[in-house]
Amino acid sequence: MIPAPQRGDEVWHSGTVTGVGSLPGQDPIEAARFVLGELSVPHLPELPARGAHADLAGRGAALLADLHVDLQPSGWRMVPRPSRDGRRARDLLLRDLDAFEEAGHAAPPDLLKLQATGPWTLAAALELHRGDRVLADHGAVDDLAASLAEGLRLHVADVQRRFPGTTIVLQLDEPSLPAVLAAHVPTSSGFRTLRAPDGQRAREVLRTVLAAAEKTVLHCCAPDPPLALMAEAGAVSFDGSLPYDEDVLGEICERGTGLLLGVAPTTGTAPPAVRAVVETVGRLRDRVGVTHLTLTPACGLAGASPAYARAVLARLTQAAQELAT
């Protein structure tokens, strides 16, 4: 049985547009001004062009409380004490928050979305001190989830202090969740794959981290996203151009789950036409019965040119306005 959504679904409705998280460029002030000026639901921009300290794993590691990481040639690794790399990742996050506060001080947003790497994707990305992935160790996954939940609680509280009248929504990014559930994540050696958690275990770990915020959404840009499990967040976000279970989508939407639908490619020379987006959403409404949804790109826009990123979000805004009438 699909659980009823617990939080976050009431903030997503037709006529709204948001980004998934990442944007091109390296200037946090410019990125903050862009999302505040162009999006009906602005989000804290992520700028992975600055390097590994600002990518999906690095930003996730920066949010851990009382756990430490270091950047190795193989990627991010858990270490017993603070490191220069860990401080660098946290410094970039704080710089982004300061830039967003400066850009939004004059006209704070009514709604603001924060993004963070989800526990299963982070466990698949980080290595233990001895070299295997965190995902390989049941206890290490629990410790990681608890640390991430505490770090996110503090993160949300910090942003709320900066914007006291703003409603904060926390998005967990779980691009590796389907691979984790299908036991397709390789070990560090690459000779075998790691055992998958059962459904209840996967749900419990997600619930631990989702408890960090009152309103949450879970994003997955991989094919066949586990929508029933993602509905734990109260709102789901996925790439509508990839395979997904329409029956499950219809069922969770009937239960009130919020929907953020990726309807535009993340790269290209020109975004889709407004009419094409409207027709795509119309077909989905006919098949599944979805009535309210927020439009997004398929995933983050870090790989796009600045011109394409601006154009695609402007085009989605036009489509959302037409769908809302």
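Remember, predicted model here, so these are calculated numbers, not experimental data. Residue numbers start at 1 and run along the sequence shown.
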Gap separating the [atom1] atom of [X] from the [atom2] atom of [Y], nearest 0.5 angstrom:
X	Y	atom1	atom2	result
Ser147	Leu64	OG	CG	4.0 Å
Glu174	Leu206	CD	CG	5.5 Å
Trp12	Thr294	CH2	OG1	5.5 Å
Leu39	Thr317	CG	OG1	6.0 Å

Can you list the residues that meet the salt bridge (Lys or Arg N to Asp or Glu O under 4.0 Å) rule with [X], with sequence neighbours excluded?
X	result
Arg153	Glu150
Arg287	Glu246
Asp142	Arg201
Arg162	Asp98, Glu101, Asp158

- prompt: Do Thr166 and Gln160 get their side chains close enough for a donor-acceptor pair, meaning under 3.5 Å?
  reply: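 Thr166 vs Gln160: no donor-acceptor pair found between side chains.
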
task: Could you note down all residue pairs passing side-chain hydrogen bond (donor to acceptor under 3.5 Å, both in side chains) where residues 20-46 supplies at least one of them, sequence neighbours left out?
output: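 Found none.
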
query: Got a sec, which residues hit side chain to side chain donor-acceptor pair (under 3.5 Å) with Ser237, two or more places apart in sequence or on another chain?
result: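 For Ser237 the side chain to side chain donor-acceptor pair (under 3.5 Å) partners, ignoring immediate neighbours, are His219.
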
Excluding sequence neighbours, so at least two apart, what forms side chain to side chain contact (heavy atoms under 4.5 Å, CB included) with [X]?
X	answer
Ala298	Asp239, Thr266
Pro243	Pro223, Asp224
Asp247	Asp245

message: Has Thr257 got a side-chain atom pairing as donor or acceptor with Ala231's backbone, closer than 3.5 angstrom?
response: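 No; zero donor-acceptor contacts below 3.5 Å.
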
task: Output yes when a side-chain donor or acceptor of Lys113 lies under 3.5 Å from a complementary backbone atom of Val20, and no otherwise.
output: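 Yes: the side chain of Lys113 pairs with the backbone of Val20.
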
Hey, can you pull the donor-acceptor pairs under 3.5 Å for the side chains in residues 267-282, sequence neighbours left out?
unit_1: Arg275; atom_1: NH2; unit_2: Glu322; atom_2: OE2; d: 2.5
unit_1: Thr280; atom_1: OG1; unit_2: Ala276; atom_2: O; d: 2.9
unit_1: Thr280; atom_1: OG1; unit_2: Arg283; atom_2: NH2; d: 3.4

message: Per the ring pair (Phe, Tyr, Trp, His ring centres under 6.0 Å) rule, what does the pair list look like for residues 282-320, sequence neighbours excluded?
response: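 Those involving residues 282-320 do not exist here.
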
For residues 47-55, please give each side-chain donor-acceptor pair under 3.5 Å, one per line with the distance, not counting sequence neighbours.
unit_1: Arg50; atom_1: NE; unit_2: Leu47; atom_2: O; d: 3.2
unit_1: Arg50; atom_1: NH1; unit_2: Asp96; atom_2: OD1; d: 2.9
unit_1: Arg50; atom_1: NH2; unit_2: Asp96; atom_2: OD1; d: 3.2
unit_1: Arg50; atom_1: NH2; unit_2: Asp96; atom_2: OD2; d: 2.8
unit_1: His53; atom_1: NE2; unit_2: Asp85; atom_2: OD1; d: 2.8
unit_1: Asp55; atom_1: OD1; unit_2: Ala57; atom_2: N; d: 3.2
unit_1: Asp55; atom_1: OD1; unit_2: Gly58; atom_2: N; d: 2.7

